[in-house]
Number of protein chains: 2
Amino acid sequence: MANSITIIELAAALGLSKSTVSRAFRGNNDINAATKERILKKAEELGFSPNLYASNLRGSKSSTIAIIIPEFGNKFFSQAIKGIELIARNNDFHVLVYVTDHSADKEAAIIRTLVNGRVDGVIMSGSGEGKSHQYLKLLKKHNLPLVFFDRYYEDINTICVTGNDFESSYLATSHLIENGCKKIAYLAINKNVSIGKIRMDGYAKALSDGGIKFDEQLTLDTSNDAEINYRDIEQLIKEQSPDAIFASVERLAISTLRVTKTLGIHIPDQIKLICFSCLEIADMLSPALSVVKQPAYEMGKKATEYLFEIMRGNREADIQEVLFLESDLIFQESSQKKLTK
Amino acid sequence: MANSITIIELAAALGLSKSTVSRAFRGNNDINAATKERILKKAEELGFSPNLYASNLRGSKSSTIAIIIPEFGNKFFSQAIKGIELIARNNDFHVLVYVTDHSADKEAAIIRTLVNGRVDGVIMSGSGEGKSHQYLKLLKKHNLPLVFFDRYYEDINTICVTGNDFESSYLATSHLIENGCKKIAYLAINKNVSIGKIRMDGYAKALSDGGIKFDEQLTLDTSNDAEINYRDIEQLIKEQSPDAIFASVERLAISTLRVTKTLGIHIPDQIKLICFSCLEIADMLSPALSVVKQPAYEMGKKATEYLFEIMRGNREADIQEVLFLESDLIFQESSQKKLTK
């Protein structure tokens, strides 16, 4: 098994200094050829893994990638990280995890700590704040490739792996219209991030194609604070009396379920509900929740595979390229007139 | 704001070489005092953070900790990691994440990659395999402190932050007995890991105190494979006809819900159900799920605070010390005779 001893133990076994041993694993020639051969032979014999250590020494190769995400704890991001970690591990890479709390300042501060050789590449889902993200150019300056997943920035040229959100939003909204809804409220997240804008566009297009006028009053700009969202959703329902709600992220649907339960509003009889969600137990909720289910795990895997392709020089890094992975639309009790089961 | 420029940019601003600048941030005296002062002044002016870079240079301080967990994607671990990441970030530390897939071999292999200066400490929830975990002694040999959370190993002397699982299991089982249950099945996880054994012990003690004989036939050793668990739970229900099921981890309760739904068995009328779970939406399931809710987020935070105390020399590292954080018992529809609401 590789990696079973340290360089200190290897040096001790050889009766050499640690620095002499470490020179054997570097590219330069500041070591006697016979000594080098003896060290390498012993290293193989004892199962010492030179790669990891050597790359540490060189500084330019950390065997590490960073994941930067806006929030932690929801199913989407934990599934995505699971996929990223798997691909990284299969490549013998380490994974650093950072959370921005949806703050562009924190995102920028994190990026700045990564450019001193700590990582070889970055996988990121954008915080969604701000219009300019030029601090990301620092990565390019240091030759560190960046791949987005889910939430990308249009002012940064790189690869992004995301869901087919326009189409999914369009289909989810059309489904509500087919089920008789005419006043469909939309719970939006930050429009500065790609998915905020695109999901909203799909909703608007479906309304238009369905002959329903887009009504600003029925759209709600939400926050990252669950209490504020709860209050705003309650107010929206009371003042606008929507017959359906389309939540652009899972936590907004959960808040909606809590509000309607408290107000004694029946889903789906009085209000129909659908949302973007990666919950594996959406069918076990009461009512069973209709969802646009993104392939979060596959998204994480694919983004990381692309990152490795770039790091190995097998893929162009500086072109804007968006790969769309298809989401599943799972229509259940919460969005339908009658249960078909 | 700190960390806003790199050492390369700092060197450029000073008209000095990078190596001269980097010497200013090391403890030794191989630099002219006036030059050093000029560098430090400029660094402060431009917001360069020497700590991070200097610690990189020294090699002995990575400003990084590792989290090692058996699985990814459930609420417990994502909440715990959220807590760990927060404390690490507040200390300007980086966080590496590793998943063992419940394998002691992978756990050992990961440990071996961490001892070359990659991290300054380790937070771990044990994989649960094997009886001997002597590979963890490698950490001690390299002066790397280890703190367990949730799942610890009794043969390793260090601090562990976990739930008051014996008491919680006892109370959850007693609650089922109070609700008239006499054939309470127990879905166990690996008994080689602390929580597997302790949760089972709490269940057994409550049975004994309730005058119910412990029945081996009613306990199920589960696997990490959801399909196998589904089949085994189905078989247990069909062959043993339990009147209650106590699931020691969340995924086993979800499997139980799926099995009973398919078999047309009503919860709680025919079988009552309770489980360890960190689901925030347990009350929205159908039926609302009774849970032992562990303080996962606090557990992650506390374990990390202890790790920093050890790393700073303010806490003993080599003593076995278990800190129990209290879980909430939330009794809902799934485990009760009648709903009281």
With chain B, the option among A/Leu279, A/Ile110, A/Val115, A/Ile81 that has the most non-hydrogen atom pairs under 4.5 Å is A/Ile81
More than 12 heavy atoms of other residues, nucleotides or ligands under 6.0 Å from CD of B/Glu227: is that the case?
no
If you measure only the distance, is there a donor-acceptor pair under 3.5 Å linking the side chains of A/Ser290 and A/Ser335?
yes
Part of B/Asp283 within contact of chain A (heavy atom distance under 4.5 Å)
both
Check B/Lys141 with A/Glu9, please: is the shortest side-chain N to carboxylate O separation under 4.0 Å?
yes
Pair A/Tyr98-A/Thr113, side-chain donor/acceptor within less than 3.5 Å
no
Which answer fits B/Ile111, side chain, backbone, both or neither, if we ask what part of it has an atom under 4.5 Å from a heavy atom of chain A?
neither
Would you say that B/Ile245 contacts B/Ile267 through its side chain, given a criterion of any heavy-atom pair below 4.5 Å between the two side chains?
no
Pick from A/Glu71, A/Lys82, A/Glu280: which one has the most heavy-atom pairs with chain B under 4.5 Å?
A/Lys82
In terms of heavy-atom pairs under 4.5 Å, which option from B/Ile281, B/Ile67, B/Leu86 contacts chain A the most?
B/Ile281
